[in-house]
Amino acid sequence: MFTIKYLNSLGFDVNNEPFEKNSWYFRNALVRANYTNMNKGIYMNTEYLEKFFRNLLLGESNELRNRYCHIKYNEKVAINTPKSSDKTATKEKSSDIILNYLKKNDSINNSTAREITGLTAPAVRKIFKKLEAEGLIIGSGENKNRTYSLKR
């Protein structure tokens with residue numbers, strides 16, 4: 001409300017519609033623009049808020065997807081994927097991310113794989129099973145303590 005009044009006072013013709021249509025995106029963009037957690041390596045990022053206002057004020061057509069604002073959203077996977085809805089391409093890229101991680105580290109668990117790929121636990125388990133079946137990795141341990149390493 002205050003933003004609309006302020007922009008109107010500056011001569012912009014703005015109403016509530018873009019804010020209503022993109023309410024979750026705008027809310028999360030505000031959070032990302034003001035949130036910092038140095039222990040986790042998360043810093044304020046205004047790019048999402050800027051995209052919203054560039055669309056609103058400059059008539060640009062930046063894609064405003066709420067998931068882009070999520071801190072754990074894996075931008076690298078999404079950028080390398082032909083379409084973000086193309087799950088096969090995402091999983092192929094994610095398996096490469098996991099294999100590259102294992103080339104630099106001794107082992108990986110489901111939690112770490114989820115962090116670096118942005119995938120869910122079941123999706124990561126499918127990738128681990130596929131890589132095991134291909135003979136690229138070997139698993140050890142049970143259930144939540146299970147880790148994977150490159151097959152030597």
Side-chain angles (χ1 to χ4, degrees), residues 3 7 14 16-152:
T3 303
L7 291 172
V14 177
N16 192 48
E17 186 181 334
F19 293 92
E20 185 180 341
K21 183 180 174 192
N22 300 293
S23 61
W24 274 106
Y25 180 90
F26 183 68
R27 179 245 180 231
N28 287 335
L30 283 171
V31 170
R32 288 298 305 271
N34 292 287
Y35 179 74
T36 298
N37 185 333
M38 290 203 258
N39 291 336
K40 293 186 176 184
I42 301 166
Y43 300 95
M44 295 187 314
N45 185 345
T46 61
E47 79 175 283
Y48 308 104
L49 202 53
E50 290 169 17
K51 285 180 181 180
F52 177 83
F53 281 110
R54 290 177 77 83
N55 284 4
L56 180 68
L57 303 175
L58 304 176
E60 291 184 7
S61 56
N62 294 301
E63 191 174 28
L64 305 178
R65 299 230 181 236
N66 188 41
R67 68 175 168 256
Y68 297 163
C69 296
H70 295 178
I71 290 172
K72 288 191 175 185
Y73 177 71
N74 192 334
E75 294 164 2
K76 291 176 189 155
V77 171
I79 290 168
N80 292 329
T81 303
K83 289 183 182 176
S84 58
S85 63
D86 185 352
K87 290 184 169 58
T88 305
T90 303
K91 288 179 184 172
E92 286 172 1
K93 296 293 181 188
S94 296
S95 61
D96 291 342
I97 291 169
I98 290 169
L99 290 172
N100 288 333
Y101 178 90
L102 284 171
K103 289 175 184 172
K104 298 173 187 167
N105 300 278
D106 291 334
S107 65
I108 190 170
N109 61 19
N110 191 295
S111 175
T112 303
R114 287 193 323 262
E115 247 178 66
I116 64 173
T117 62
L119 296 175
T120 63
V124 167
R125 277 194 300 274
K126 283 182 185 177
I127 292 172
F128 283 147
K129 284 182 183 179
K130 177 181 159 263
L131 293 173
E132 270 187 302
E134 292 173 359
L136 297 171
I137 64 171
I138 187 164
S140 60
E142 295 294 322
N143 299 328
K144 292 186 180 201
N145 296 323
R146 191 158 181 83
T147 61
Y148 298 86
S149 54
L150 285 176
K151 196 168 186 181
R152 309 272 174 203

Using modelled atom types and a 3.5 Å cut-off, is there a donor and acceptor pairing between side-chain atoms of [X] and backbone atoms of [Y]?
{"X": "Arg32", "Y": "Asn45", "value": "no"}
{"X": "Asn109", "Y": "Thr147", "value": "no"}
{"X": "Asn100", "Y": "Asp96", "value": "yes"}
{"X": "Asn105", "Y": "Ser107", "value": "no"}

Taking side chain as C-beta onward, heavy atoms only, is [X] less than 4.5 Å from [Y]?
{"X": "Phe19", "Y": "Leu56", "result": "yes"}
{"X": "Ile138", "Y": "Ser149", "result": "yes"}
{"X": "Leu64", "Y": "Phe26", "result": "no"}
{"X": "Asn66", "Y": "His70", "result": "yes"}
{"X": "Ile108", "Y": "Ile137", "result": "no"}
{"X": "Leu136", "Y": "Leu150", "result": "no"}

With sequence neighbours excluded, what pairs up with [X] under the salt bridge (charged side-chain N to carboxylate O under 4.0 Å, His left out) test?
{"X": "Glu132", "result": "Arg146"}
{"X": "Arg27", "result": "none"}
{"X": "Glu17", "result": "none"}
{"X": "Arg125", "result": "none"}

Original post:
Quick one: salt bridge (charged side-chain N to carboxylate O under 4.0 Å, His left out) pairs with a partner in residues 102-112, sequence neighbours left out?
Top reply: none

Original post:
Does the side chain to side chain contact (heavy atoms under 4.5 Å, CB included) test come out yes or no for Tyr68 and Glu63, once each step is laid out?
Top reply: CA-CA 9 Å; Tyr68 297 163; Glu63 191 174 28; 2.8 Å; yes

**OP:** Apply side chain to side chain contact (heavy atoms under 4.5 Å, CB included) to the pair Tyr48 and Leu30, showing each step before the final yes or no.
**Re:** CA-CA 8 Å; Tyr48 308 104; Leu30 283 171; over 6 Å; no

Which residue pairs pass the ring pair (Phe, Tyr, Trp, His ring centres under 6.0 Å) test with at least one member in [range], sequence neighbours excluded?
{"range": "residues 132-152", "answer": "Phe128-Tyr148"}
{"range": "residues 102-127", "answer": "none"}
{"range": "residues 99-127", "answer": "none"}

**OP:** Could you list the residues that satisfy side-chain hydrogen bond (donor to acceptor under 3.5 Å, both in side chains) with Glu20, not counting sequence neighbours?
**Re:** none

Original post:
Mind checking what makes side-chain hydrogen bond (donor to acceptor under 3.5 Å, both in side chains) contact with Thr3, not counting sequence neighbours?
Top reply: none

**OP:** Write down the atom of Leu49, the atom of Ala29, and the distance for their closest heavy-atom approach.
**Re:** N-CB, 3.7 Å

Original post:
Between Glu50 and Thr46, what is the shortest heavy-atom contact and its length?
Top reply: OE2-OG1, 2.6 Å

Subject >> Value rounded to 0.5 Å, distance of OG in Ser94 from CD1 in Ile127 >> reply: 4.5 Å

**OP:** State the SG-CD distance between Cys69 and Glu47, to the nearest 0.5 angstrom.
**Re:** 8.5 Å

**OP:** Using side-chain contact (heavy atoms from CB on, under 4.5 Å) as the criterion, point out the one residue from Leu119, Ile116, Thr112 that pairs with Val124.
**Re:** Leu119

**OP:** Would you please name every residue forming a ring pair (Phe, Tyr, Trp, His ring centres under 6.0 Å) with Tyr25, sequence neighbours left out?
**Re:** none

**OP:** Check side chain to side chain contact (heavy atoms under 4.5 Å, CB included) between Met38 and all other residues, then give those that pass, not counting sequence neighbours.
**Re:** Thr36, Tyr43

